[in-house]
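Reading through the structure tokens given below for one structure.
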2 protein chains.
Amino acid sequence: MESNTHPLRIQIEELVQLTDKEFALVLEHFQQKRFKKHQIVLHEGDHAPFDFFIVKGLMKVSRIDLDGKEHILQFGMENWWVTDSEAFHHKTPSTLMVDCLEDTLALAITIENKDKLCLELPKMQYFFLKKATNGYIALQKRILCFLSSDANDRYHNLLSIYPGLIQRVPKAMIASYLGVTRETLSRLSGKK
Amino acid sequence: MESNTHPLRIQIEELVQLTDKEFALVLEHFQQKRFKKHQIVLHEGDHAPFDFFIVKGLMKVSRIDLDGKEHILQFGMENWWVTDSEAFHHKTPSTLMVDCLEDTLALAITIENKDKLCLELPKMQYFFLKKATNGYIALQKRILCFLSSDANDRYHNLLSIYPGLIQRVPKAMIASYLGVTRETLSRLSGKK
DNA sequence: CACTTTAAAGGACATTTGTCAAAGATCTGA
DNA sequence: TCAGATCTTTGACAAATGTCCTTTAAAGTG
């Protein structure tokens, strides 16, 4: 892949500029991973050795509750970062499951390499700080959506956050992300 | 206040060690602010010039929706950080309101001083990165709570996140934080 | 202390959402 | 292409929650 058009480089350079050499250094800290559709990337209870930058494909992060119902915390498509954040950063057993909804190509980084990269290239610590801050803001918005919007509004909000997702994911999973049953989501479809 | 027992220093030193001189430098980037109960610290639509570290007192962050209903995104008591994150970091007009539930003493930092401090003292950038990451993890947990728990579970979850809050805040506000009406919360009180 | 405001709880009823069941539609792999 | 699996929609009913209202208690104010 041409370095200048590498999706990871494009994302980083939205926040900080890198030389070719610096980006090469960044890439050295990642390993490329391929997963097949339906493959489980992280089992609940396991340690989470990687944070994944998705180059191509689609993953989901979810939890199965005591009644066997799946609750979807996050979808990850191209250019999204996906992991169990708590397990990854705190080295605790994962409470979430990560699996693939499509064949997926990802760049994987360990917490050790992430810390090392931040020390070697302080720009990258700035990059990760901005990404964490923006992630925090995005989750605040999702919470406000739970507080103030009904399922219909949340559905339309989802469409704007994940353009194209609706064509790639069963509606039952969309419902799970929204916190309603598939029946409720189905009844919503009639409404604007 | 004795420097070694300053609440801000205690919080920072949970993640990075500081010399007396370094902590003095940190403090130089903040200004002390006092607010009275019911005082509005940030009006919706205004710019958010400060992130507040609460030394003493209690604030809330909320939004009033089109029907006039208040939705509470966050409470901030001692040692919590409070602002409209999006408005503060992106310098956009605030979409949230911040006000005081008690007389409050806070340390206020501007985004310019925060950036400057991170450059002067890279440890502090690391500190803010860890805080942002932990904040992200906490919000993920709150979202999972919305997805998988009923209001009763969310209520007990709130009690564990904000010990002592229940004694300081009207139940109607607790209900607003949980995303239910005060009547529903009242019915819950009977259940374990 | 008296007075006003605010908070809490509960009842009655309407609305929303979940649950369970069934049927049709779509996708998928041999 | 066919047959099984998965997905989506719909209906009937139950459960949860919201809305509106009243009553009582508690807190704040002059």
Side-chain angles (χ1 to χ4, degrees), chain A residues 36-40 57-58 60 62 64-72 75 99-103 145-159 164-192, chain B residues 35-40 57-58 60 62 64-72 75 99-104 143-159 164-192:
Chain A
K36 291 183 186 168
K37 182 171 179 174
H38 295 136
Q39 187 173 348
I40 297 180
L58 182 57
K60 68 169 157 52
S62 63
I64 312 291
D65 72 14
L66 300 173
D67 301 328
K69 288 179 198 160
E70 179 182 45
H71 303 283
I72 297 179
F75 294 104
D99 65 338
C100 297
L101 303 178
E102 301 174 358
D103 291 352
C145 224
F146 274 108
L147 291 177
S148 64
S149 301
D150 60 17
N152 196 29
D153 289 341
R154 294 210 299 280
Y155 177 68
H156 287 94
N157 188 53
L158 169 72
L159 298 186
L165 184 74
I166 202 75
Q167 288 80 326
R168 295 166 75 176
V169 168
K171 293 209 173 160
M173 288 187 190
I174 303 289
S176 169
Y177 177 93
L178 297 175
V180 295
T181 60
R182 73 193 93 179
E183 291 92 341
T184 296
L185 181 62
S186 181
R187 289 175 187 124
L188 250 41
S189 309
K191 305 179 186 175
K192 191 202 63 145
Chain B
F35 304 101
K36 291 185 186 166
K37 182 172 180 173
H38 295 136
Q39 187 172 350
I40 297 180
L58 182 57
K60 69 170 155 56
S62 63
I64 312 289
D65 72 15
L66 299 173
D67 301 328
K69 288 180 199 161
E70 179 181 45
H71 304 282
I72 297 179
F75 295 104
D99 65 337
C100 297
L101 303 178
E102 302 175 357
D103 291 353
T104 299
I143 288 171
L144 272 169
C145 224
F146 274 108
L147 292 177
S148 64
S149 302
D150 59 18
N152 195 31
D153 289 341
R154 295 210 297 281
Y155 176 69
H156 287 93
N157 188 53
L158 169 72
L159 298 185
L165 184 74
I166 202 73
Q167 287 81 328
R168 296 165 74 175
V169 168
K171 292 210 172 160
M173 290 188 189
I174 302 288
S176 170
Y177 177 93
L178 297 176
V180 296
T181 61
R182 71 194 92 182
E183 290 91 342
T184 296
L185 181 63
S186 181
R187 289 175 189 128
L188 252 40
S189 308
K191 307 179 186 176
K192 193 204 63 150

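Order of the sequence lines fixes the chain letters, A, B, ..., with proteins taken first and strands second; residue numbering starts at 1 for each chain.
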Between atom CG of A:L178 and atom CG of B:L147, what is the distance when rounded to the nearest 0.5 Å?
->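 If I round to the nearest 0.5 Å, the distance is 9.0 Å.
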Write down the distance between [atom1] ([X]) and [atom2] ([N]), rounded to a whole number of angstrom.
X      : N      : atom1 : atom2 : result
A:L185 : C:dT19 : CG    : P     : 15 Å
A:K171 : C:dT26 : NZ    : P     : 12 Å
B:Q167 : C:dA7  : CD    : C1'   : 16 Å
A:F146 : C:dT17 : CZ    : P     : 13 Å
A:R168 : D:dC7  : CZ    : P     : 17 Å
B:Y155 : C:dA8  : OH    : C1'   : 12 Å
B:M173 : C:dT6  : CE    : P     : 11 Å
A:L188 : D:dT8  : CG    : C1'   : 14 Å

Given 3.5 Å as the limit, does a donor-acceptor pair link the side chain of [X] with the main chain of [Y], or not?
X      : Y      : result
A:R154 : A:S149 : yes
B:D67  : B:K69  : no
B:S176 : B:E70  : yes
A:D99  : A:Q39  : no

Does A:S186 place a side-chain N or O at less than 4.0 Å from the phosphate oxygens OP1/OP2 of D:dT9?
->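 Yes, because at least one side-chain N or O of A:S186 sits under 4.0 Å from OP1 or OP2 of D:dT9.
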Compare side-chain N and O positions of A:K69 against OP1 and OP2 of C:dT19 and report whether any pair is under 4.0 Å apart.
->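 Yes.
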Would you state whether a donor and an acceptor, one from the side chain of A:R187 and one from the base of C:dT19, lie under 3.5 Å apart?
->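 Checked by distance alone, the answer is yes.
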Using heavy atoms to find the nearest nucleotide of DNA chain D for B:G179 and B:K37 separately, return the residue whose nucleotide is more 5′.
->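 Counting from the 5' end, the first nearest nucleotide belongs to B:G179.
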Tell me which of B:A172 and A:T181 sits closer to the 5' end of DNA chain C, going by the nucleotide each one is nearest to.
->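 Result of the comparison: B:A172.
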Closest-nucleotide ordering on DNA chain C, the 5'-leading residue of A:E183 and A:A151 =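 Mapping each residue to its closest nucleotide by heavy atoms, the 5'-most match is A:A151.
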